[in-house]
Asks: 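I'd like to ask some things about the structure below.
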Amino acid sequence: MSNEEQKSLNTKNEVELDNEGRRKFFGKTALIGAGVVAAPMTAAMFAATAKAKSSEAASSVVHPGELDEYYGFWSGGHSGEVRIMGIPSMRELMRIPVFNTDSATGWGLTDESKRIKGESADIMMGDSHHPHMSMTDGRYNGKYVFINDKANSRVARIRCNVMKVDKMITIPNVQAVHGLRVQKVPQTKYVICNGEFEIPMNNDGKDSMKDVSTYRSLFSVIDAEKMEVAFQVIVDGNLDNTDADYDGKYFASTCYNSEMGMNLGEMITSERDHVVVFNLARCEAAVKAGKFKTHNGNKVPVLDGRKGSKLTRYIPVPKSPHGMNTSPDGKYFMANGKLSPTVSIIAIDKLDALFNDEIKPRDTIVGEPELGLGPLHTAFDQKGFAYTTLFLDSQIAKWNIEEAIQAYQGKKVNYIRQKLDVHYQPGHNSTSSGETRDADGKWLVSLCKFSKDRFLPVGPLKPENDQLIDISGDTMKLVHDGPTFAEPHDGTIIHRSKVKPDKVWSRDDSIFAETLAQAKRDGVDTMSENKVIRDGNKVRVYMTSVAPTYGMESFNVKLGNEVTVIVTNLDQVEDVTHGFCMTNHGVQMEIGPQATASITFTANKPGVQWYYCNWFCHALHMEMRGRMFVEAS
Ligand code: K7E
Ligand code: CUA
């Protein structure tokens, strides 16, 4: 055995030990729970794993100057942002600040971003999990990407022509918006999202906050164009992840706390939790018929979808399921077991009968393949295979859906094709176009929560590891390790033909429309004029920018003035973005070509304060600056 081989074996052993440790940590739940036993790996599976390791696929190489075939939209987790990746190169192309505050672009600091954030403008952080693009007839339409903020119960919309957030709302009556998906068919009229944490229905602190019987979790249905909550549905238990069908009829969500437990032990007592299925037509009819209540002083219609309601059905599944994924042929909802080694396959074509009370909830389950320890999320190709992440086993299981269904009917088939080691502890995974009718079975990305030994050590906080896997052949092949900063929970892989971003801004973009309206009220033509408007203690400074100068070399204010600087970038050249930074005032922003951006601050330091352009725009970029004279009175 060579040194290298010995080393890799050692590493492997350490990793396995580590997995063992984790297994013990989760042991109470994973092992006592539902009599869970890991499916032993067959020799064929071992061989497949080994083969996948030894053959090097070169197909992920994107040469300098070449473009990727896919866009990836990655969430930034508790970094609060969304990232645009190039697939298969795994290059990070852009960051879209959403719930976080961004120094470079001024997101969270500019007047435009504060307006878009609205009532949550003072919240500077977020926890983004699930980025999903709007669809038409089950295919991406390139218009919007929606993303949740678990930390502050918000949902934001990114407009894909400029790749900036143009709307953000706080969802009322819920706490911790987690799972988020879009209606796929006929188009994304609705964005659906889950309230994860249970809270008193009227959460005003007046009733006993310890009376858990008053706690609820709500499913929220958002009008995608208006970005308003259309209605909400009260459920039994809590809600975790969600997805929509390909018929425009049903949404399904997992629940891991049907017990309504308030601590870990209580949350995992039952052998079974459930999947809630929502009947969209019945919900819309109930709203129309006025069969709802409102709560907490807002106008959102809240429907009662608890057990016994016509609006929902509860399908028992093994305890504490996590991911919810719809197969791209539109046939199945899949609930990933987490504490159970199984995935529960729900036949969508049986749901009509379930809602008509012709069959029992469990009759909709047509398969429950045993895949390994800690199944969290499942992705798909177009050939009938599913790819499930096994968190505890640090593997991805590739399995055949129809064979898993046959096995459930008692036939002796080995539906598992391969288990591929990933590094380590994968959460979500995603296949190219796999959440749409266009699933093409080319790429799979495994978003691994731990990287351990895969990269140069960078201190106690380590990167995560986004691994690219070639799934175009019979076996999965690992082709790339990609370190990422906290924390891509979920990613979607979208063919580049679906996304058509603009090269420069339109002058009438709604993102800065309100700023232009103010300019109009001030009688300023932002495209040509450089002007200071004094309005009591307020000073509005309008200036243009053309590389490498601002239209205004200096302006005067008085100490204590509230100053708004409005910059319009007259450059029409693609990629010539200017910045505006006022030294010593915590003021900085991006102004894209043909855009207008503004930022407001108090001039609280007397004397000469230089402002400068901080986006490198020209050979004379350093000279692109001017002075604010702050007169002490
Ligand atoms: Cu991390 Cu989709 Cu929020 Cu699973 S969720 S891992
Ligand atoms: Cu303008 Cu740098």
Asks: Please determine if Arg540 and Asp535 form a salt bridge, counting it only when a charged side-chain N lies under 4.0 Å from a carboxylate O.
Replies: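 Salt bridge flag = yes for Asp535 with Arg540.
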Asks: Is the closest side-chain heavy-atom distance between Ile116 and Ile511 below 4.5 Å?
Replies: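 Yes, at least one pair of side-chain atoms sits under 4.5 Å.
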Asks: Under the rule for side-chain hydrogen bond (donor to acceptor under 3.5 Å, both in side chains), what residues qualify as partners of Tyr611, not counting sequence neighbours?
Replies: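 So Tyr611 forms no side-chain hydrogen bond (donor to acceptor under 3.5 Å, both in side chains) with any residue.
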Asks: For residues Asn614 and Gln588, is any side-chain donor paired with an opposing acceptor at under 3.5 Å?
Replies: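 On atom types as modelled, these side chains qualify, holding a pair under 3.5 Å.
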Asks: Can you name the salt bridge (Lys or Arg N to Asp or Glu O under 4.0 Å) partners of Arg282, sequence neighbours left out?
Replies: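 Result, salt bridge (Lys or Arg N to Asp or Glu O under 4.0 Å) vs Arg282: none returned.
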Asks: Does the distance from a Lys or Arg side-chain N to an Asp or Glu carboxylate O, for Glu225 and Lys167, drop under 4.0 Å?
Replies: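 Between Lys167 and Glu225 there is no salt bridge, as every charged N stays at least 4.0 Å from the carboxylate O atoms.
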Asks: With a 4.5 Å cut-off on side-chain heavy atoms, are Ile171 and Ile222 touching?
Replies: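 Answer yes - side chains close enough.
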Asks: So does Asp571 get a backbone contact from the side chain of Asn569, meaning a donor-acceptor N/O pair under 3.5 Å?
Replies: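 Yes.
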Asks: Do Asn194 and Ser253 get their side chains close enough for a donor-acceptor pair, meaning under 3.5 Å?
Replies: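 Yes, a side-chain donor-acceptor pair sits under 3.5 Å.
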Asks: So, for Val155 and Cys193, which heavy atoms are closest and what is the spacing to 0.1 Å?
Replies: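 Looking at all heavy atoms of both residues, the shortest contact is CG2-SG, 4.0 Å.
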Asks: For Val185 and Asp247, work out which heavy atoms get closest and say how close.
Replies: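 Closest pair (atom of Val185, atom of Asp247, distance): CG1-C, 4.1 Å.
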Asks: Please find the pair of heavy atoms, one from Asn465 and one from Pro483, that lie closest to each other, and give the distance.
Replies: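 Closest approach of Asn465 to Pro483: OD1-N, 4.4 Å.
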Asks: Determine the interplanar angle of the His495 and Tyr70 rings, folded into 0 to 90°, and report it as parallel if under 30°, tilted if 30 to 60°, perpendicular if over 60°.
Replies: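 Geometry flag for Tyr70 against His495: perpendicular rings.
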Asks: Can you tell me if Met527 has over 12 outside heavy atoms packed within less than 6.0 Å of its CE?
Replies: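 Atom CE in Met527 is crowded, with more than 12 foreign heavy atoms closer than 6.0 Å.
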Asks: State plainly whether the residues Glu514 and Arg521 are in salt-bridge range, i.e. N to O under 4.0 Å.
Replies: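 Yes, Glu514 and Arg521 are salt-bridged.
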Asks: Decide yes or no for Gln232 and Asn173: does some side-chain heavy atom of the first lie under 4.5 Å from some side-chain heavy atom of the second?
Replies: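 Of all side-chain heavy-atom pairs linking Asn173 with Gln232, at least one is under 4.5 Å.
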Asks: Please say which of Phe278, Tyr190, Phe231 ends up in a ring pair (Phe, Tyr, Trp, His ring centres under 6.0 Å) with Phe219.
Replies: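 Exactly one option meets the ring pair (Phe, Tyr, Trp, His ring centres under 6.0 Å) with Phe219, and it is Phe278.
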Asks: Can you name the residues that form a salt bridge (Lys or Arg N to Asp or Glu O under 4.0 Å) with Glu284, not counting sequence neighbours?
Replies: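 In terms of salt bridge (Lys or Arg N to Asp or Glu O under 4.0 Å), with neighbours along the sequence ignored, Glu284 is linked to Lys189.
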Asks: For the side chain of Ser128 and the backbone of Gly76, is there at least one donor-acceptor N/O pair under 3.5 Å apart?
Replies: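 Side chain of Ser128 to backbone of Gly76, a donor-acceptor pair under 3.5 Å: yes, one is there.
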Asks: Please check if atom CZ in Phe485 has more than 12 non-hydrogen atoms from other residues, nucleotides or ligands closer than 6.0 Å.
Replies: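 Counting other residues, nucleotides and ligands, CZ of Phe485 stays at 12 neighbours or fewer.
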Asks: Tell me every residue that passes side-chain hydrogen bond (donor to acceptor under 3.5 Å, both in side chains) with Asn141, counting only those two or more places apart in sequence or in another chain.
Replies: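 Here the qualifying residues are Ser134, Thr136.
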Asks: Under 3.5 Å, side chain of Asn296 to main-chain N/O of Asn298, donor-acceptor pair present?
Replies: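 Not a single qualifying donor-acceptor pair exists.
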Asks: Would you name the heavy atoms of Arg534 and Val557 that are closest together and state the gap between them?
Replies: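 Between these two residues, the closest heavy atoms are NH1-CA, 4.2 Å.
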Asks: Could you tell me whether the side chain of Arg157 and the main chain of Tyr144 form a donor-acceptor pair under 3.5 Å?
Replies: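 Absent.
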Asks: Run the salt-bridge test on Glu112 and Lys114 with the 4.0 Å N-O cut-off and return the result as yes or no.
Replies: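 A salt bridge is absent here (no side-chain N lies under 4.0 Å from a carboxylate O).
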Asks: More than 12 non-hydrogen atoms from neighbouring residues, nucleotides or ligands closer than 6.0 Å to CE on Met124, yes or no?
Replies: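 Yes, enclosed.
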Asks: Mark yes or no for whether His585, through its side chain, and Thr583, through its backbone, hold a donor-acceptor pair below 3.5 Å.
Replies: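 Yes, His585 side chain to Thr583 backbone: donor-acceptor pair under 3.5 Å.
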Asks: Quick one: does NZ or CZ of Arg83 land under 6.0 Å from the six-membered ring centre of Trp74, within 45 degrees of the ring axis?
Replies: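 No, Arg83 and Trp74 do not form such a contact.
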Asks: Contact between Thr600 and Lys538 at the side-chain level, heavy atoms closer than 4.5 Å - yes or no?
Replies: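 Answer no - side chains too far apart.
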Asks: Counting C-beta onward and ignoring hydrogens, is there a side-chain heavy-atom pair between Thr242 and His130 closer than 4.5 Å?
Replies: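 No, their side chains stay 4.5 Å or more apart.
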Asks: Going by the rule side-chain hydrogen bond (donor to acceptor under 3.5 Å, both in side chains), which residues pair with Glu574 if we only count those two or more places apart in sequence or in a different chain?
Replies: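 For Glu574, no residue satisfies side-chain hydrogen bond (donor to acceptor under 3.5 Å, both in side chains) once neighbours in sequence are set aside.
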Asks: Locate the shortest heavy-atom distance separating Gly592 from Thr577; write the atom from each residue and the value.
Replies: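 Heavy atoms only, the tightest pair is CA-OG1, 4.0 Å.
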Asks: Any Lys/Arg nitrogen of Lys150 or Asp127 sitting under 4.0 Å from an Asp/Glu carboxylate oxygen of the other?
Replies: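 Looking at Asp127 together with Lys150, the answer is no, because their closest N to O distance does not fall below 4.0 Å.
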Asks: Evaluate whether atom CD of Glu553 has more than 12 neighbouring non-hydrogen atoms of other residues, nucleotides or ligands under 6.0 angstrom away.
Replies: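 Not buried by this count: 12 neighbours or fewer within 6.0 Å.
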Asks: Between Asp490 and Ser75, does any side-chain donor sit less than 3.5 Å from a side-chain acceptor?
Replies: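 Note: Asp490 and Ser75 side chains miss the donor-acceptor criterion.
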Asks: Less than 4.0 angstrom from a charged side-chain N to a carboxylate O is my criterion; do Lys184 and Asp245 meet it?
Replies: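 Result for this pair is no, no salt bridge flagged.
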Asks: Are His132 and Phe146 an aromatic pair, judged by ring center distance below 6.0 Å?
Replies: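 Aromatic pair excluded; centres sit 6.0 Å or further apart.
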Asks: Quick check: closest heavy atoms across Asn584 and Gln609, and the distance to 0.1 Å?
Replies: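 Nearest pair, atom of Asn584 first, then Gln609: ND2-OE1, 3.0 Å.
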Asks: A quick test of your reading: do over 12 heavy atoms of other residues, nucleotides or ligands sit less than 6.0 Å from NZ of Lys531?
Replies: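 Yes, the 6.0 Å shell around NZ holds more than 12 heavy atoms from other groups.
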Asks: Could you pull out all residues at least two apart from Glu92 that satisfy side-chain hydrogen bond (donor to acceptor under 3.5 Å, both in side chains)?
Replies: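 Scan of Glu92 (side-chain hydrogen bond (donor to acceptor under 3.5 Å, both in side chains), adjacent residues dropped) gives Arg95.
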Asks: Is a salt bridge present between Arg159 and Asp509, judged by a nitrogen-to-oxygen distance below 4.0 Å?
Replies: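 Salt bridge between Arg159 and Asp509, a charged N being under 4.0 Å from a carboxylate O: yes.
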Asks: Please confirm whether His377 and His428 have ring centers closer than 6.0 angstrom.
Replies: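 Judged by ring-centre distance (under 6.0 Å), His377 and His428 do meet the cut-off.
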